[in-house]
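Note: hydrogens, waters and symmetry copies are ignored here, and every other heavy atom, side chains too, is used. We name chains A, B, ... by the order of the sequence lines, and we start the count at 1 in each one.
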Number of protein chains: 2
Amino acid sequence: MKLTLDALTVLDAIDRKGSFASAAQALFRVPSTVTYTVQKLEEDLGFAIFKRAGRRSVLTPAGQVLLDQGRQLLVAAQEVVNSAHQVNSGWEAELNIAIDTVWDIQRFYPILAEFQKLNSGVQVSISEEVMGGTLEAIIEQRADITIGGPPPVSAIQGIQFESILNSQWLFVVAKAHPLMTLLLPLTEQDIEPYVSIVIRDSATQSPIRAHRSLGARPMLRVANMEQKIQAQLQGLGVGFLPKHKIQPLLDSGELVELEIEKDAPVTQQYCAWRSTNTGRAAQWFVDKILD
Amino acid sequence: MKLTLDALTVLDAIDRKGSFASAAQALFRVPSTVTYTVQKLEEDLGFAIFKRAGRRSVLTPAGQVLLDQGRQLLVAAQEVVNSAHQVNSGWEAELNIAIDTVWDIQRFYPILAEFQKLNSGVQVSISEEVMGGTLEAIIEQRADITIGGPPPVSAIQGIQFESILNSQWLFVVAKAHPLMTLLLPLTEQDIEPYVSIVIRDSATQSPIRAHRSLGARPMLRVANMEQKIQAQLQGLGVGFLPKHKIQPLLDSGELVELEIEKDAPVTQQYCAWRSTNTGRAAQWFVDKILD
DNA sequence: CTATTAGTTCGAAAATACTGAACAATTAAC
DNA sequence: GTTAATTGTTCAGTATTTTCGAACTAATAG
């Protein structure tokens, strides 16, 4: 394969300017150089790119394909260089952040806004994951940073973890729920008859962990934390919810915390990042997240 | 932008072979040449690609990005050359055929099988379109050849049309349909009370043409001919269907043709292709289709 | 028929890429 | 710890490729 990007640039110029001569002018070269470049490329590739029709040359079908796809190649090449420059500047070309659904994404927006003021040129993408999802995302390199999610079962090569927040989970029900008539603290037997709202695990490969399902009771599976809150709010079922996400609903009385016999569970939330990642954006975000 | 594909090839070799020296060997060059190429690229791009760590060099983050994306660029470049070669051989790189839903795609498979025996290397894609869809597909360059579909409203620059088949449309109903008790031929008043099955137009931009809708009667819109046949077969409604597509159902008596007062409509089916397309595959298919 | 423009050819000059020998730095072997 | 082997670099010289400019051919416009 003897294709060169320079030759493609010449082809592009010829087509856009309409002639070898004007292409030469545009590229600050002499006409004979353009002829030479085209002839050399034709010889290297083994087929004619232009059909000489009098004093004006026209592209052959193969030449047209070469030009069309070659232009895309030129654009791609420029993007490669741009990405490398961006990384060289210390800022990553892109940064993927996976946020666990127990986190309120809105609380993250101010940090994002602050970051954008830095004019780093980093393309930041945010995805919402459930339970094992954040772990899976960073292991499979889909994410550079995770916010929230469970701790690693064992140390993972090249990934650092840090506890970020003690998320307290409360057992709550909607304000008119029948469970409110019972004597506190509730026993497992009290709760058993009622539908439990659980979040479907977004980790497709990890062993499924239905979070806090409390035995084999009737369950309603929902996609994320938002839906779980809504479901419990509308009395579709009961379950544990992270305190910091439902504080307003507790204050207004729409949701009520009920004491239960077993200890209210505490889950450690973890932030994770790739320790091999030396990008400034990743470090900036990790610093911010750890407060 | 001073990036060259040759330099990327060198980077790739260095990474795969693990050292400048073995890369040089693999590329039939001398070590100093490899050093020269790398240094020149670094100078041209304006950043370090390798960090000299003793006698063994390691990629900088920017160098890693350059290599990763550069490899994709190399693959893409090879594909560009391959495509151009393919077109130069006389066969197109790819050929898109749009078939109108009134046609039975299965009738087209033998022709496809015959074509594949030619070992042309052409990537053939087939899409199913409805009503105006084939026309739109060829005008918007999504298709190279269309089979079936309406005639052009006016001559279209660079596209040739040829009538291919007189598709006869029959008014048919399911075998137990109430309309069968009436006296033939049916009048418009006879038909009016019953739901008419119409195919939703897949042409998004053309003015909507609800095919043979016979005034403002209750309608059930379906996505394609297959669904329309099924709908009429299950007695959900009545309407015109192309004779050649329902012959077996007529023979078995599951669908019944009913004579109607107005002439049974005849629609010309057209085959279209781009007259500028000089590819052998397009010509081969057009010849076959026109019998 | 002449002037103009487009593209090519060709020898010379310039720029670029490659080579091989010498050297420095590091790792492996003993 | 010393020696040997391996790696990468430098540098001067050489080979190759690219570019240039002038001369030339062919087609088109006036």
>> Across nucleotides 6-19 of chain D, 5' to 3', mark each nucleotide with B, S or - according to how protein heavy atoms within less than 4.0 Å reach it.
In response: BBSBB------SBB
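- A salt bridge links B:Lys288 with B:Glu114: the closest approach of a Lys/Arg side-chain nitrogen to an acidic carboxylate oxygen falls below 4.0 angstrom.
- Here the C1' atom of nucleotide C:dT8 and the NZ atom of A:Lys51 are 19 Å apart, to the nearest Å.
- B:Gln25 places its CD atom 16 Å from the C1' atom of C:dT19, with the value rounded to the nearest Å.
- Remark: of the listed residues A:Val10, A:Thr33, A:Val34, A:Val34 is the sole one forming a side-chain contact (heavy atoms from CB on, under 4.5 Å) with A:Phe20.
- Ion pairing between B:Glu94 and B:Arg142 fails under the 4.0 Å rule for side-chain N and carboxylate O.
- To the nearest angstrom, P of C:dA15 lies 15 Å from CD of B:Glu43.
- One interatomic measurement links the two molecules: NZ of A:Lys17 to C1' of C:dG7, which rounds to 19 Å at whole-angstrom precision.
- Put simply, the side chain of A:Ile97 does not reach to within 4.5 Å of the side chain of A:Asp144, judged on heavy atoms.
- Note on ring orientation: taking the six-membered ring where Trp is involved, the planes of B:Phe285 and B:Phe115 are tilted (angle from 30° to 60°).
- Within a 6.0 Å radius of CD in A:Gln25, other residues, nucleotides and ligands contribute 12 heavy atoms or fewer.
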